[in-house]
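Presented below is the structure to which this report refers.
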Amino acid sequence: MKRICFFMCTVMCAVAVCTGCGNDVQELYVYNWSDYINEDLVVQFEEEHNCRVVMDYYDSNETMFAKLKAGAAGYDLVFPSGYMVQIMARENLLETLDHEKIPNIKNIDSAYVAFSLDLQSKYSVPYMISNTGIGYLADKVDQPFTPSWRIFGDARFAGRMTMLNDMREAIGAALKTLGYSLNTLNPVELAQARDLLVQWKKNLAKFEADQYKNGLVSEEFFIVQGYSGDLYQTMEENSDIEYAIPVEGTSLACDNIVMLKSSEHKDLAYAFMNFLLDGEVAAANMEYVYYLAPNTAAYPFLSDDLKAEEPILMSPSIIANCEVIQDLGEGNALYSEIWDQVKAAR
Ligand code: N2P
């Protein structure tokens, strides 16, 4: 009996392995932000579609865009923020979406579509909405803690703080602190923001957009600029971590799913888009990444714990304190120049 079982298992394993390597198993190449998808859902999709999803990760819109422009090929789906969708569309990188292949597009919450900047979902479907704030160790800061971007100017925390290695976020925080729009094109305002950021830089361990999360958990860093959901994820590993949105205001980004024109697996790419827009799937994704999926079919599945977290659910008072990062066309170059100057400053 045991031998028969062993034989049967061997046959079943062989069949499983062959299915895994057979020509009929399609691959989908996804280029996404790190820590931005519930891996169990990826496995579920692979099983439902007898395919393999190959994931690659980036830590900022600019890193992703530079890699694609440098010729990185083979990706099917990417997850840029709204302003970057505009830039990529202008560069002719994006497929115009066929909505008939994404029936779950009906689940998108129209209350948030404006944040995606692609109002007709011509090139993109909204994925998750984030805001940017301060993650900190509650026992290391003065209590009561008033969240302000100006904390990065506090030399008591020199070497123990990081800001995002992301020009729109870092310059944006300095602009908000000075009372300006984070989309300003005014050279005087931008120069003031640069000078403020250069001052703050003296106290920063580094500009960092991914490893700062581990650094906060391990208490190497005390105070970081980071994305809402990412910082909520770190709280699961260190209960001293808290998240706050600075009083001066902050950025809001709607990240979206786009299909590259060069995609070689368009049907599978549409299937994955549609899968991620399913209500139950989007809810399970939210419970894992701690960002808001603007998906009306997802809301009934959300836990009370998640619904209680205003920065994740983007309550109206949070939104009122946020500004959406816009594509500035030729003005984008002004931000790159300022950023280069900040990076070069000592
Ligand atoms: C994922 C960060 C995505 C939020 N780690 C940026 N808008």
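When reading the values below, keep in mind they use all heavy atoms of this one structure, side chains included, and skip hydrogens, waters and symmetry mates. Since this is a predicted model, take the numbers as computed values, not measurements. In listed order, ligands and their atoms are each counted from 1.
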Problem set entry | Contact (N/O only, under 3.5 Å) between Asp230 and ligand 1 | yes
Exercise. Between Asp230 and Tyr291, does any side-chain donor sit less than 3.5 Å from a side-chain acceptor?
Worked result: yes
Exercise. Is it the case that Asp35 and Tyr57 place a side-chain donor and acceptor less than 3.5 Å from each other?
Worked result: no
Exercise. Below 3.5 angstrom, do we get any N/O pair linking Ser130 and ligand 1?
Worked result: yes
For this session: Give a yes or no on whether the ring-centroid distance for Phe45 and Phe272 is below 6.0 angstrom.
Result: yes
For this session: Would you mind running through ligand 1 and noting each atom that sits below 4.0 Å from a heavy atom of Trp33?
Result: 1 (C), 2 (C), 3 (C), 6 (C)
Exercise. Going by heavy atoms, is Tyr291 under 4.0 Å from ligand 1?
Worked result: yes
Exercise. Taking only heavy atoms of Ser34, which atoms of ligand 1 are found under 4.0 Å from at least one of them?
Worked result: 1 (C), 5 (N)
Exercise. When you measure from atom 6 (C) of ligand 1 to each heavy atom in Ile37, Asp35, Asp255, which option holds the nearest one?
Worked result: Asp255
For this session: Specify whether Trp33 and Tyr58 have parallel, tilted or perpendicular ring planes, treating 30° as the upper limit for parallel and 60° as the lower limit for perpendicular.
Result: tilted
Exercise. How about Ser303 and Glu287: does a side-chain donor come under 3.5 Å of a side-chain acceptor?
Worked result: yes
